[in-house]
Amino acid sequence: MIDLKYLQNNFEEASAKLQKKGVDAATLENLQKLFTSLKEANATLEASKAEQNSMSKLFGQYMREGKDITELKAKVDANKEAMVPMQEKAREAEEALYHVALAMPNFPDESVPEGEDEEDNVELRKVLEPKEFSFKPKEHWELSEINGWIDFERGVKLAKSRFSVLRGEASRLERALINFFLDTNAQKGFIEHSVPFINNSAMLQGTGQLPKFEDDLFKIDDEDLYLIPTAEVPLTNLYNDEILTEKELPLLMTGYTPCFRKEAGSAGRDTRGIIRQHQFNKVEMVAIAHPAKSQEVFEMMVENASDILTALGLPHRVVELCYGDLGFSAATTIDLEVWLPGQNQYREISSISNTRDFQARRAKIRFKDGKKNRFVHTLNGSSLAVGRTIVAIMENYQNEDGSIEIPEVLKKYM
RNA sequence: GGAGAAGUGGGAGAGCUGGUUUAAUCCGCGCCCCUGCUAAGGGCGAGUGGGCUUUAUAAGCUCACCGAGGGUUCGAAUCCCUUCUUCUCCUCCA
């Protein structure tokens, strides 16, 4: 959640930032008003409560002293009645405020490039040259047919469209990749975690998926539970509502989980293959960092993900997202896009974000800074999306006959 | 899934026949004092979140928080309802 005090005290600056993220001025003015009226409603109610409390204390005293209480009782009854509408008003004001505030996206960093959509993202650098093929490289689904790696039809039969099954060598490759990713992350200091793939609504609100993006999630019927869309949710929320010591920071975590996304495919993109599925595997990095150190951690995470691609021999580019392409919770995001020769384009394979204190404020993750409690910064990034890595290996390591080589670093894992 | 019991401040643990409890006490913690020395003793302090005020690198006042959410009452840690969690015993099971 954004800092409402900041919004109130620096309205012009704050609204300029959020307007670039598609929030109109009227919504922000409304938010500011709601914040003010909540404070007013609470002030009135609390003054009345204070009076009620002090009168109630007199009650005990009077009774011990054997004094008459009828007059006091009448006063206190009247005050209680007067509080009812105040209470109602305060409750409504709070509800109205949070309804709007929780749907407000994060402020982008100053450094984020201007722009509307992915066309305006800024390429920072390219790593490794795409290899020249002496034949026309095939797309991964064509290669899948030749090698029998992916069973789309039976995946659909088991669940529904946009589910699939990996078979044989492909399944082993997936397992090898997961292990390789986890081991590499561990070497960089990320502690491996194995977490629940189902989380409750409070956790999803903590990281920003709820309440605004409920339609993107698979919900468990009759339960306050959702399939996680990314390990960012359980890993970040491990420290939900906790106060850490400064010494513990940064907390570096990694974990493998499947990810479940209901929205995948709603735009009709990538209908063939396993680029966009309702369920996919991912190894995630999450960091909880001291605000002064989060940028440093962010760069380390980008470096790590890029190094993994390099180790796999996969050409990729590092792209900084512009305002318009930035996600809801992110203050700044860098994507890694891997080269897919079959598609003849770069495709996103990792997304690394610093949310600053946006998630920390929602999830109440703080640390002791001297005597004071301050919000931490939270960061997350894929290292890497497993399914898309398989696609990248298939297309980059294909031979003319459709057979696929296994990258050198993975051989010890298979 | 069934039956019973319990959830209190960093930990332990009273209170739970509703009103000096603004949560006792112990341990642990921080600072200080005393003591010629890894001991003992003494004093002080300390939770979280929000609001207001001011002589504003801080202080004062106030509201809420005894698992969570409702309710009864002038007043709730204490009574009622719902819910979550833990423990014990069954049941089931990888």
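Convention: sequence-line order gives letters A, B, ...; per-chain numbering from 1.
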With 3.5 Å as the limit, what N/O pairs link the protein to nucleotides 60-67 of chain B?
from   : atom 1 : to     : atom 2 : distance (Å)
C63(B) : OP1    : N53(A) : ND2    : 3.1

N/O contacts under 3.5 Å, protein versus nucleotides 14-24 of chain B?
from   : atom 1 : to     : atom 2 : distance (Å)
G19(B) : O2'    : R64(A) : NH1    : 3.4
G19(B) : N2     : S56(A) : O      : 2.8

Below 3.5 Å is the cut-off: list the nitrogen or oxygen pairs between protein and nucleotides 80-86 of chain B, distance only.
none

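Sorted pairs that involve residues 90-105 of chain A and meet salt bridge (Lys or Arg N to Asp or Glu O under 4.0 Å), not counting sequence neighbours, are lacking altogether.
Taking atom CD of Q52(A) as the reference point, atom P of C74(B) lies 9 Å away to the nearest angstrom. Atom CD in E95(A) sits roughly 12 Å away from atom P in G70(B) (whole-Å rounding). Rounded to a whole Å, the CG atom of D224(A) is 15 Å from the P atom of G69(B). Across the protein-nucleic acid pair, E94(A) atom CD and G51(B) atom P stand 12 Å apart, rounded to whole Å. In this structure, the NZ atom of K39(A) is 15 Å from the C1' atom of G49(B), given to the nearest Å. Counting to the nearest Å, the C1' atom of G51(B) and the CG atom of L97(A) are 14 Å from each other. Put simply, NZ on K368(A) is 10 Å from P on G10(B), counting in whole angstrom units. Following rounding to the nearest Å, D3(A) (CG) and G50(B) (C1') show an atom-to-atom distance of 14 Å.
No side-chain donor-acceptor contact under 3.5 Å links S353(A) and N380(A). In this model, a donor atom of one side chain and an acceptor atom of the other lie less than 3.5 Å apart for D68(A) and T70(A). Using modelled atom types and a 3.5 Å distance limit, the side chains of E232(A) and T207(A) yield no donor-acceptor pair.
In this structure, the side chain of S54(A) engages the main chain of E51(A) through a donor-acceptor pair within 3.5 Å. Checked by atom type and distance alone, the side chain of Q8(A) never pairs as donor or acceptor with a backbone atom of F35(A) at under 3.5 Å. At least one donor-acceptor pair under 3.5 Å links the side chain of T36(A) to the backbone N or O of Q32(A).
Atom name C1', nucleotides C61(B) and U22(B): the rounded distance is 14 Å, in whole Å. Distance check on atom C1': A68(B) versus G7(B) gives 11 Å, rounded to whole Å. Taking the C1' atoms as reference points, U8(B) lies 7 Å from A77(B), given to the whole Å. As rounded to the nearest Å, C26(B) and G15(B) have C1' atoms that lie 16 Å from one another. Rounded to whole Å, the separation between the P atoms of U73(B) and G11(B) comes to 35 Å. Rounded to the nearest Å, the gap between the C1' atom of U55(B) and that of G43(B) is 31 Å. Separation of the C1' atoms belonging to C87(B) and G67(B) is 15 Å when rounded to the nearest angstrom. Between the C1' atoms of C32(B) and U88(B), the separation comes to 48 Å (whole Å).
Within the 4.5 Å cutoff, the side chain of R347(A) has heavy atoms near those of the D270(A) side chain. Inter-residue side-chain proximity for V127(A) and L309(A) is flagged as unmet; no heavy-atom pair is nearer than 4.5 Å.
Pair assignment for A46(B): none, as no Watson-Crick or G-U wobble contacts are both less than 3.5 Å. Across all strands shown, A76(B) remains unpaired; no Watson-Crick or G-U wobble contact has both distances below 3.5 Å. Remark: G7(B) base-pairs with C84(B). Criterion, Watson-Crick or G-U wobble with two distances under 3.5 Å. The base-pairing partner of C34(B), taking Watson-Crick or G-U wobble contacts with both distances under 3.5 Å, does not exist among the strands shown. Pair assignment for C52(B) gives G60(B), based on Watson-Crick or G-U wobble hydrogen-bonding distances that are each under 3.5 Å. C66(B) is unpaired under the criterion used here, namely a Watson-Crick or G-U wobble arrangement in which both key atom distances are under 3.5 Å.
The two residues K412(A) and V409(A) come nearest to each other via the heavy atoms CG-O, 4.0 Å.
Shown here is K21(A), whose NZ atom has more than 12 heavy atoms of other residues, nucleotides or ligands within 6.0 Å. Open room surrounds NZ on K89(A); 12 or fewer heavy atoms of other groups in view lie less than 6.0 Å from it.
Between K372(A) and the phosphate of G47(B), there is no side-chain N or O to OP1/OP2 separation shorter than 4.0 Å. In this structure, R366(A) does not reach the U48(B) phosphate: none of its side-chain N or O atoms is under 4.0 Å from OP1 or OP2.
Near RNA chain B, meaning a heavy atom under 4.0 Å away, the residues from residues 71-91 of chain A are K73(A), V76(A), D77(A), K80(A).
For the pair R172(A) and E169(A), the salt-bridge criterion is met [side-chain N within less than 4.0 Å of a carboxylate O].
Relative orientation of the F328(A) and F358(A) rings is perpendicular, given thresholds of 30° and 60° on the angle between their planes.
Taking the centre of each ring, F260(A) and F197(A) stay at or above the 6.0 Å mark.
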Identify each donor-acceptor pair in which a side-chain atom of residues 280-307 of chain A lies under 3.5 Å from a protein atom, sequence neighbours left out, and give them as a table.
from    : atom 1 : to      : atom 2 : distance (Å)
N281(A) : OD1    : Y256(A) : OH     : 3.1
N281(A) : ND2    : E174(A) : OE1    : 3.3
N281(A) : ND2    : E174(A) : OE2    : 2.8
K282(A) : NZ     : T230(A) : OG1    : 2.9
K282(A) : NZ     : E284(A) : OE1    : 2.7
E284(A) : OE2    : G381(A) : N      : 3.4
H290(A) : ND1    : A292(A) : N      : 3.0
S294(A) : OG     : N354(A) : ND2    : 3.0
S294(A) : OG     : R356(A) : NH1    : 3.2
S294(A) : OG     : H377(A) : ND1    : 2.8
Q295(A) : OE1    : R356(A) : NH2    : 2.7
N304(A) : OD1    : K188(A) : NZ     : 3.0
N304(A) : ND2    : N185(A) : OD1    : 2.8
S306(A) : OG     : H316(A) : NE2    : 2.8

